[in-house]
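Reviewing the structure listed below.
Labels below follow one simple rule: chain letters A, B, ... track the order of the sequence lines, proteins then strands, and each chain is numbered from 1. The structure presented is a predicted model; accordingly, all values stated were derived computationally and were not measured.
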Protein chains: 2
Amino acid sequence: MSDVQARTVGDIRSRYESFDAGNCPVRDVLGQLGDKWSTLIIGLLGERTHRFGELRRSIPDISQRMLTQTLKDLQRDGLVDRTVFATVPPSVEYKLTPLGRSLLSPLGILIEWAEMHHGAIRLARQAYESGEG
Amino acid sequence: MSDVQARTVGDIRSRYESFDAGNCPVRDVLGQLGDKWSTLIIGLLGERTHRFGELRRSIPDISQRMLTQTLKDLQRDGLVDRTVFATVPPSVEYKLTPLGRSLLSPLGILIEWAEMHHGAIRLARQAYESGEG
DNA sequence: CAGAATCCTGCCTGATACTG
DNA sequence: CAGTATCAGGCAGGATTCTG
């Protein structure tokens, strides 16, 4: 692990400085993943194919506008596949593309880190507030 | 890898739904990492300790305000350690805490994914624009 | 059912000026 | 050098209404 970490430490720096803001792959990816709903939708679609209404019910506090827009962005980036069925009433299915599925593993690792250290982060926040906040 | 992926797929879903928005560790972490500058600063501090002015020069397009604020947030979350030296003129050093260093590996993995698939994402965007954008 | 269009608001962010 | 304070703009995101 120390080997992996030592390598990635340098990589983070070098990969940022080789690209301006517009073409930086890190910003391109984290900019999208960092928004409010993308990772949640990717997680749901990683589980199985969902219809639009299923996604909306699974994420009670998302607005219709944001669900539509986030799905469109993910589709645009080639992470999500959208299939329309010409039924009455119409139905639309969303699923991950192979590219989208390949993101599940790195994303899962980050989520594991988040859950593992969430308690420590919350404690640090409390300590900060009572001390100098 | 199929084992890791299969496990994380379910995890993403379950870890989201067990927490409301305020306590969800995924949103807590990605909300911070997803901002414009956090990952860049973490990458720089993963390389070595930096002074305030060094960080500012290393990130030419960050405003003083955002650098201060991002550093404060990272310090608040226990990822970054801030040390003031009572010299004239004053100097302040920033470095990663052990918690912050533990984030370098998962973050590096995500960055590797980003760089590896950045080309595919850009191609998907071009295809989307010319097709239905 | 699955969206598109519109309006509105808050916060993120940058620019500028000032301080210890 | 390392910040803080203040102001201004733009965009993310929500609520509502309308359509095929």
Exercise for the section: Over all heavy atoms of both residues, which pair between Ser102(A) and His117(B) is shortest? Give the atoms and the distance, please. Expected result: OG-NE2, 3.8 Å
Problem - Contact summary for Ala114(A) and Val29(B), nearest pair of heavy atoms - result: CB-CG2, 3.3 Å
[X] has an atom [atom1]; how far is it from atom [atom2] of [N], in whole Å?
| X | N | atom1 | atom2 | result |
| --- | --- | --- | --- | --- |
| Asp61(A) | dA15(D) | CG | C1' | 14 Å |
| Phe52(B) | dC1(D) | CZ | P | 11 Å |
| Ile62(B) | dG3(D) | CD1 | C1' | 14 Å |
| Glu54(B) | dA2(D) | CD | C1' | 13 Å |
| Leu67(B) | dC1(D) | CG | P | 14 Å |
| Met66(B) | dT16(C) | CE | C1' | 14 Å |
| Arg56(B) | dA15(C) | CZ | P | 13 Å |
| Gln69(A) | dT6(C) | CD | P | 15 Å |

Exercise for the section: May I ask you to evaluate whether Arg82(B) reaches the phosphate of dG3(D), defined as a side-chain N or O under 4.0 Å from OP1 or OP2? Expected result: yes
Practice task
Establish, with yes or no, whether the OP1 or OP2 oxygen of dC1(C) is under 4.0 angstrom from a side-chain nitrogen or oxygen of Tyr94(A).
Solution key: no
Problem - Quiz item: Gln64(A) side-chain donor-acceptor pair to dA4(C) base, under 3.5 Å - result: yes
Practice task
Classify the nucleic acid contact of Arg51(B) as base, sugar-phosphate or nothing, counting any heavy atom under 4.0 Å across all strands shown.
Solution key: sugar-phosphate
Practice task
Say whether Asp35(A) and Ser38(A), considering side chains only, have a donor N or O and an acceptor N or O under 3.5 Å apart.
Solution key: yes
Exercise for the section: May I ask you to decide if Tyr94(A)'s main-chain N or O and Arg82(A)'s side chain share a donor-acceptor pair within less than 3.5 Å? Expected result: no
Fill in the blank from the handout: Taking for Asp35(A) and for Pro90(A) the nucleotide of DNA chain D with the nearest heavy atom, the one nearer the 5' end belongs to Asp35(A)
Handout entry: Of Ser63(A) and Lys72(B), the one whose closest DNA chain D nucleotide lies more 5'
Key = Lys72(B)
Looking at [options], which one has an atom nearest to any side-chain atom of [X]?
| X | options | value |
| --- | --- | --- |
| Val92(A) | dG14(D), dA2(D), dG3(C) | dG3(C) |
| Lys36(A) | dG13(D), dC1(C), dA17(C) | dG13(D) |
| Arg65(B) | dG14(C), dG3(D), dG3(C) | dG14(C) |

Problem - Salt-bridge present (Glu93(B), Arg48(B); N to O < 4.0 Å) - result: no
